[in-house]
Amino acid sequence: MTVENKVVVITGASSGIGEATAKLLASRGAKVVLGARRADRLTSLATTIGENASYQVTDVSKYQDVEQLVTFAYEKYGRVDVLYNNAGVMPQGFLREGKLKSYQKMLDINVMGVLHGITAVLPIMEQQKDGLIITTDSVAGHVVYPGSAVYNGTRYAVRAIMEGLRQEERDFGIRSTIISPGAVATELIQSVDNRVIEEALQDLYDPENSGSMNSLAADDIANAVLYAIDQPKHVAISEVLIRPTGQIV
């Protein structure tokens, strides 16, 4: 599967990794269909990319929104080659704090958002007998650390779901890939919702430190997505784990 002329649906597309990926794939000739909650950001990004981009406002926690995004892509282009489940949030805090609303938000976006994407696109890809589903996971889906147990849990869940997807859908020619980044300088830190933890992480997520030994750039992850897509059909990149060279965890 080469990137040129492929139809790629991207959630969480309005900033950070999603935005960088949309720009990179479109520059290689892909047709990118962008979904996110912020209409103004989507409009600006689609205008910047040009004719290879279209968009629809999408809240991944709502199945109807995700279904409409996938249907929009299919009706516009007649197929969906790649779904990139990229939307996510990262509230942090200790279990003793009992932040039930934050827990529910993470489950709705990080887990149900992925399941909504899979559910919406599988009938199309099964009919095509071809397709690639990519999901942004995290190093947090591999290593548990204090103050992040629930976030870790959502990321571990995604790994399990995507492995189950790989096993269940391989006979339909559908491949699955998990991209697991370490610290990336994006807006994700704005969802931390814990002042002490946010301050501790600030340098890692500061855009000025993007591309440093301790912080990846969004473009670094976009390149990994491109690599996964730009493989022949018989090659499945099941997982890519990417850390800044200086990251300890």
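Not measured: the values here are computed from a predicted model. Hydrogens, waters and symmetry mates play no part in the numbers below; they use all other heavy atoms, side chains included.
- Using modelled atom types, one side-chain atom of E97 and one backbone atom of F94 make a donor-acceptor pair closer than 3.5 Å.
- Separating the CD atom in E67 from the NE2 atom in H116 is a distance of 10.5 Å, to the nearest 0.5 Å.
- Summarising the geometry, atom CD belonging to Q68 is positioned 6.0 Å from atom CD belonging to Q56; distances are rounded to the nearest 0.5 Å.
- Between the side chains of R155 and S138, no donor-acceptor pair is found at a separation under 3.5 Å.
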Report the C-alpha distance between K23 and E19 in whole Å, list the side-chain angles of each, state the deciding distance to 0.1 Å, and finish with yes or no for salt bridge (charged side-chain N to carboxylate O under 4.0 Å, His left out).
CA-CA 6 Å; K23 289 178 177 177; E19 178 183 4; 3.2 Å; yes
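- In terms of heavy-atom proximity, V32 sits nearest to I49 at CG2-CD1, 4.2 Å.
- Counting only distance, with no hydrogens or angles, the side chain of D81 and the backbone of V8 share no donor-acceptor pair below 3.5 Å.
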D219 vs L24, side chain to side chain contact (heavy atoms under 4.5 Å, CB included): CA-CA, chis, key distance, verdict:
CA-CA 8 Å; D219 288 340; L24 177 61; over 6 Å; no
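- Looking at every heavy atom in both residues, D137 comes nearest to S180 through CB-OG, 3.6 Å.
- Side-chain contact between Y145 and Q92: present, with at least one pair of heavy atoms (C-beta onward) separated by less than 4.5 Å.
- Under the 4.5 Å side-chain criterion, counting only non-hydrogen atoms from C-beta, I161 is in contact with I118.
- There is no side-chain donor-acceptor pair under 3.5 Å between Y103 and T154.
- Evaluation of the salt bridge (charged side-chain N to carboxylate O under 4.0 Å, His left out) rule for R170 yields no partner, not counting sequence neighbours.
- Of all non-hydrogen atoms in A224 and V240, the two that sit nearest each other are CB-CG1, 4.2 Å.
- For the atom pair NZ (K62) and CG (D108), the distance works out to 11.0 Å, reported to the nearest 0.5 Å.
- Of all heavy-atom pairs spanning A39 and V57, the tightest one is CB-CG2, 3.6 Å.
- A donor-acceptor pair is defined here as one N or O able to donate and one able to accept, closer than 3.5 Å; no such pair exists between the side chain of S215 and the backbone of V184.
- Residues Q247 and V139 have side chains in contact (heavy-atom distance under 4.5 Å, counting atoms from C-beta outward).
- A donor-acceptor contact under 3.5 angstrom links the side chains of S15 and R38, judged on distance only.
- Closest approach of T135 and Y84 over heavy atoms only: C-CE1, 4.2 Å.
- Residues satisfying the salt bridge (charged side-chain N to carboxylate O under 4.0 Å, His left out) criterion with E169, sequence neighbours excluded, are absent altogether.
- Contact check for Y227 versus I237: side-chain heavy atoms found under the 4.5 Å cut-off.
- Counting heavy atoms from C-beta outward, R79 and I124 have side chains that stay 4.5 Å or more apart.
- Within the 4.5 Å cutoff, side-chain heavy atoms of Y77 are placed close to those of S54.
- In this structure, a donor-acceptor pair under 3.5 Å is absent between the side chains of T58 and D65.
- Contact of the Q231 side chain with the R175 side chain is registered, since non-hydrogen atoms from C-beta on lie closer than 4.5 Å.
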